[in-house]
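Some notes on the structure that comes next.
Just follow the structure's listing: the first ligand is 1, and inside any ligand the first atom is 1. Treat the numbers as computed from the prediction; the structure is a model and nothing was measured.
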Amino acid sequence: MTTLLTARNLAKSFPRHGGLVEVLRGCDLQVEKGEAVAVTGASGSGKSTLLNILGGLDAPSEGEVVCQGEPLDFASHASLTRWRTVVVGFVFQFHFLLPDFTALENLLIPVRAQREATDRDRERALEFLDRMGLGDRRHHLPGELSGGEQQRVAVARAFMNSPQVVLADEPFGNLDQRIGGQLGDLLFELKETDGTSLVIVTHDQGLAARADRHLHLEQGQLRPVDATEADQV
Ligand SMILES: Nc1ncnc2c1ncn2[C@@H]1O[C@H](COP(=O)(O)OP(=O)(O)O)[C@@H](O)[C@H]1O
Ligand SMILES: [Mg+2]
């Protein structure tokens, strides 16, 4: 196996009540190429903080993040921009689609963050929409789509730039279980066909069980969870 993403000794503190709260403390993570890693943890344990650091949306107080030998330079605007547009794709709990753009246009946003969209990009976006069962919704605005459809567009958008790793933060947390399950199928299918690694934060034990590895964030660090205790975390 080839290691794709490594986070070493991450620490992150936030100011609170005049002091500092340590959310991450000596947190390590290694993700192999094409591997899906599920992260669970109590509310407030730092799961979003960890994902935001892995995605270059927030800087750690200490530690480093490296993708295939390339360190993320949190002090460099160019490094952060490259990281967010090419290295990672994001799926958040709320879709964050642009309301005045159609489904197709929303898929092209990651491309346009880098360069002008070409006919090939449009073809790729349409192919994604077809695969997500949204071919006939391509010209719909997010407000004209159901919650599940909006999140399907958001999932496809995360894969548009062929990122190395897709980071998903409770991606189906606000959808009903059946729709969430279908979206889980699509997410894992895209991961398989594109060979993308996946780090998925979830409270859904079913989704966590589908990952290659399940980690639990507790007291600022990740530890492995085995199948026998999975339903207790
Ligand atoms: N920008 C911030 N400023 C201050 N405190 C924050 C900030 N972001 C997160 N926190 C705190 O850090 C802790 C972890 O938050 P978070 O990573 O969102 O947890 P989780 O995603 O596991 O629910 C929480 O106590 C939260 O209040
Ligand atoms: Mg969170």
Fill in: Residue and atom names of protein N/O/S atoms that fall under 2.8 Å from the Mg ion (ligand 2)
Ser48 OG

Worksheet item: Applying salt bridge (Lys or Arg N to Asp or Glu O under 4.0 Å), which residue pairs with at least one partner in residues 198-216 are found, sequence neighbours left out?
Response: Glu35-Arg213, Asp185-Arg210

Practice prompt. Run the numbers for me: atoms of ligand 1, each under 4.0 Å from some heavy atom of Ser43, listed by number.
Written response: 23 (O)

Discussion item. I'd like to know whether ligand 1 has Glu170 as a neighbour, heavy-atom separation below 4.0 Å.
Written reply: no

Discussion item. Within the 4.0 Å heavy-atom shell around Gly46, which atoms of ligand 1 are there?
Written reply: 14 (C), 16 (P), 17 (O), 19 (O), 20 (P), 22 (O)

Worksheet item: What are the atoms of ligand 1, with element, lying closer than 4.0 Å to any heavy atom of Ala42?
Response: 22 (O)

Worksheet item: How far is atom 8 (N) of ligand 1 from its nearest protein heavy atom, and which residue and atom name does that atom have?
Response: Phe14 CZ, 3.3 Å

Worksheet item: Do the rings of Phe90 and Phe92 sit parallel, tilted or perpendicular, given the 30° and 60° boundaries?
Response: parallel

Worksheet entry | Residue and atom name of the nearest protein heavy atom (relative to atom 12 (O) of ligand 1), distance in Å to one decimal | Val23 CG2, 3.3 Å

Worksheet item: With a cut-off of 6.0 Å (strictly less than), are more than 12 heavy atoms of other residues, nucleotides or ligands near CZ of Arg120?
Response: no

Worksheet, complete the sentence: When rounded to the nearest 0.5 Å, the distance separating CZ of Phe101 from CG of Leu107 is 12.5 Å

Worksheet item: To the nearest 0.1 Å, how far is atom 23 (O) of ligand 1 from its closest protein heavy atom, and which atom is that?
Response: Gly44 N, 2.7 Å

Discussion item. Could you identify the single nearest non-hydrogen protein atom to atom 27 (O) of ligand 1 and state the distance to 0.1 Å?
Written reply: Arg16 NH2, 3.5 Å

Response to the item:
Residues Leu190 and Thr196: closest non-hydrogen pair is O-OG1, 4.5 Å

Worksheet entry | Short N-O contact, Arg82 and Glu70, less than 4.0 angstrom | yes

Worksheet item: Does a side-chain heavy-atom distance below 4.5 Å link Pro110 with Arg157?
Response: yes

Which atom pairs, donor and acceptor, lie under 3.5 Å between side-chain atoms of residues 128-138 and protein residues at least two apart or in another chain?
unit_1	atom_1	unit_2	atom_2	d
Arg131	NH2	Thr193	OG1	2.6
Arg137	NE	Glu149	OE2	3.2
Arg137	NH2	Glu149	OE2	3.2
Arg138	NE	Gly135	O	3.0

Item to complete: Write down the atom of Cys27, the atom of Leu50, and the distance for their closest heavy-atom approach.
Response: SG-CD1, 4.2 Å

Sequence neighbours excluded and cut-off under 3.5 Å, please list the side-chain donor-acceptor pairs for residues 12-22, or say none.
unit_1	atom_1	unit_2	atom_2	d
Lys12	NZ	Asp58	OD1	3.3
Lys12	NZ	Ala59	O	2.6
Glu22	OE1	Arg25	NE	3.1

Worksheet item: In terms of atom number and element, which parts of ligand 1 are under 4.0 angstrom from non-hydrogen atoms of Thr49?
Response: 14 (C), 15 (O), 16 (P), 17 (O)

Discussion item. Between Arg122 and Asp119, does any NZ, NE, NH1 or NH2 come within less than 4.0 Å of an OD or OE carboxylate oxygen?
Written reply: yes

Worksheet item: Nearest protein heavy atom to atom 18 (O) of ligand 1, by residue and atom, and its distance?
Response: Ser48 CB, 3.7 Å

